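Take a look at the structure set out below.
Within every chain, numbering begins at 1; the chains are lettered A, B, ... in the order of the sequence lines, protein sequences first and strands thereafter. Remember, it's a predicted structure, so these values are computed and weren't measured experimentally.
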2 protein chains.
Amino acid sequence: MLDHTDRQIINELSKNSRITMKELGEKVHLTGQAASARVAKLEDHGIIEGYSIKVNQSKIGYSVHAIIHIYTKSTNHQPYLSFIKKQEEYVLHNYKISGESCYLLECKFQSNDILDEFLTT
Amino acid sequence: MLDHTDRQIINELSKNSRITMKELGEKVHLTGQAASARVAKLEDHGIIEGYSIKVNQSKIGYSVHAIIHIYTKSTNHQPYLSFIKKQEEYVLHNYKISGESCYLLECKFQSNDILDEFLTT
DNA sequence: TCAAATCCTTTCATTAATCAAGTAAAACAG
DNA sequence: CTGTTTTACTTGATTAATGAAAGGATTTGA
């Protein structure tokens with residue numbers, strides 16, 4: 001399925017996804033066009049799901065980083081899931097943990113006060 | 001520090017960091033050149049730390065995703081930290097948790113057997 | 001062994017990025 | 001209030017990257 005060149009491409013794009021196809025090609029010993037075709041294929045196969053940036057959250061005012069263990073009482077998780085959807089501003093990631101009906105919620109906050117407010121909501 | 005346009009730019013690049021500066025400019029009502037200058041400034045200020053891709057790990061053979069709570073016995077974390085450095089293939093993220101001398105380790109594995117092997121190392 | 005498919009390269013037209021110059025508005029010192 | 005500097009932007013010209021098309025080499029399979 002994936003050959004060495006594909007793995008190299010994934011590795012290079014993980015490090016810098018805004019590299020030009022020409023440069024990427026040079027790194028993996030292909031022309032820009034060939035590299036571009038490989039990348040398109042990886043996208044088509046759903047292996048590359050998207051392109052994003054890493055943001056320094058503390059520099060934009062979110063200095064508190066928290067990982068919160070969520071234990072849902074009811075087996076219906078919908079109320080919880082719609083709650084975190086509304087709280088998008090604070091939520092970085094919501095991990096569903098296997099076994100127990102439990103989540104790990106990775107969040108960012110401007111202050112501990114706001115974290116406390118969030119926790120008591 | 002950050003105005004509305006900067007926040008829009010961060011938002012758009014979070015969704016798709018391979019957008020062209022021209023398109024980004026259109027989204028935030030600037031020319032490509034102006035958008036590019038804004039982005040360069042965000043990079044210079046360390047707000048944008050990097051550009052990356054989201055990879056579907058299960059499609060490249062890592063079907064097991066685990067979050068492992070690490071309790072270090074000794075206060076010297078160096079042995080642990082150098083261990084996870086060697087295990088880069090499996091490690092997605094290592095979170096230092098406040099308070100207790102403890103980490104949360106987010107990992108990927110090809111199988112539960114390999115996870116077990118990792119846990120007993 | 002022949003046909004089809006895959007993967008690459010080269011070439012060329014189109015499009016985007018970059019660089020330089022110029023403008024308008026805001027910030028600021030005298 | 002005024003002249004100066006800085007900032008943020010636009011426009012226009014140049015350079016570079018992208019995308020499409022054509023063709024060649026290698027592999028796959030009937």
Is there a side-chain contact between B:Thr72 and B:Ser74, using heavy atoms and a 4.5 Å cut-off? no
Please table the atom pairs, donor to acceptor, closer than 3.5 Å between any side-chain atom in residues 79-92 of chain A and protein atoms at least two apart or in another chain.
unit_1  : atom_1 : unit_2   : atom_2 : d
A:Tyr80 : OH     : A:Asn94  : OD1    : 2.8
A:Ser82 : OG     : A:Gln78  : O      : 3.0
A:Ser82 : OG     : A:Pro79  : O      : 3.2
A:Glu89 : OE2    : A:Tyr62  : OH     : 2.7
A:Glu89 : OE2    : A:Gln110 : NE2    : 3.1

Residues 52-76 of chain A vs salt bridge (Lys or Arg N to Asp or Glu O under 4.0 Å), sequence neighbours excluded, gives A:Lys54-B:Glu49
For DNA chain D, which nucleotides open and close the run of contacts to chain B, 5' to 3', at under 4.0 angstrom from a non-hydrogen atom? D:dA8 to D:dT18
Tell me the bend of the helix from C:dT1-D:dA30 to C:dG30-D:dC1 as the angle between end helix axes, each from five pairs, rounded to the nearest 10 degrees. 40°
Among residues 3-29 of chain A, which residues get a heavy atom nearer than 4.0 Å to DNA chain C? none
Less than 3.5 Å apart, any donor N or O on the side chain of B:Ser17 or A:Ser17 sitting next to an acceptor on the other? yes
Does A:Gln57 reach the side chain of A:Ile60, with side-chain heavy atoms less than 4.5 Å apart? yes
Of A:Leu30 and A:Gln33, whose closest DNA chain C nucleotide lies nearer the 5' terminus? A:Leu30
So, A:His77 versus A:Tyr103: side-chain donor-acceptor pair below 3.5 Å or not? yes
Which pairs pass salt bridge (Lys or Arg N to Asp or Glu O under 4.0 Å) with one or both residues in residues 106-121 of chain A, sequence neighbours excluded? none
Between B:His93 and A:His93, does the ring-ring contact (aromatic ring centres under 6.0 Å, His included) criterion hold? Intermediate values first, please. CA-CA 13 Å; B:His93 218 115; A:His93 219 114; 9.2 Å; no
Can you confirm whether B:Leu42 sits close enough to A:Val55 that some side-chain heavy atom of one is under 4.5 Å from a side-chain heavy atom of the other? no
Heavy-atom contact window of chain B on DNA chain C, given 5' to 3' at under 4.0 Å: C:dA16 to C:dC19
Minimum side-chain heavy-atom gap B:Ser52-A:Ile53 below 4.5 Å: no
Sorted by chain and number, sequence neighbours left out, side chain to side chain contact (heavy atoms under 4.5 Å, CB included) with B:Val64 holds for B:Phe109, B:Asn112, B:Leu115
Pairs in or reaching into residues 25-40 of chain A: which pass side-chain hydrogen bond (donor to acceptor under 3.5 Å, both in side chains), with residues at least two apart or in two chains? A:Asp3-A:Arg38, A:Asp6-A:Arg38
Do the non-hydrogen side-chain atoms of B:Ile68 and B:Phe118 ever get within less than 4.5 Å of each other? yes
Could you check which residues of residues 39-55 of chain A get a heavy atom under 4.0 Å from DNA chain C? Sort them by number, please. A:Lys41
Through direct or indirect side-chain contacts below 4.5 angstrom among Ile, Leu, Val, Met, Phe, Trp and Tyr, which residues connect to A:Ile97? A:Ile67, A:Tyr95, A:Leu104, B:Ile67, B:Tyr95, B:Ile97, B:Leu104
Not counting sequence neighbours, which residues clear salt bridge (charged side-chain N to carboxylate O under 4.0 Å, His left out) with B:Lys15? List them please. B:Glu12
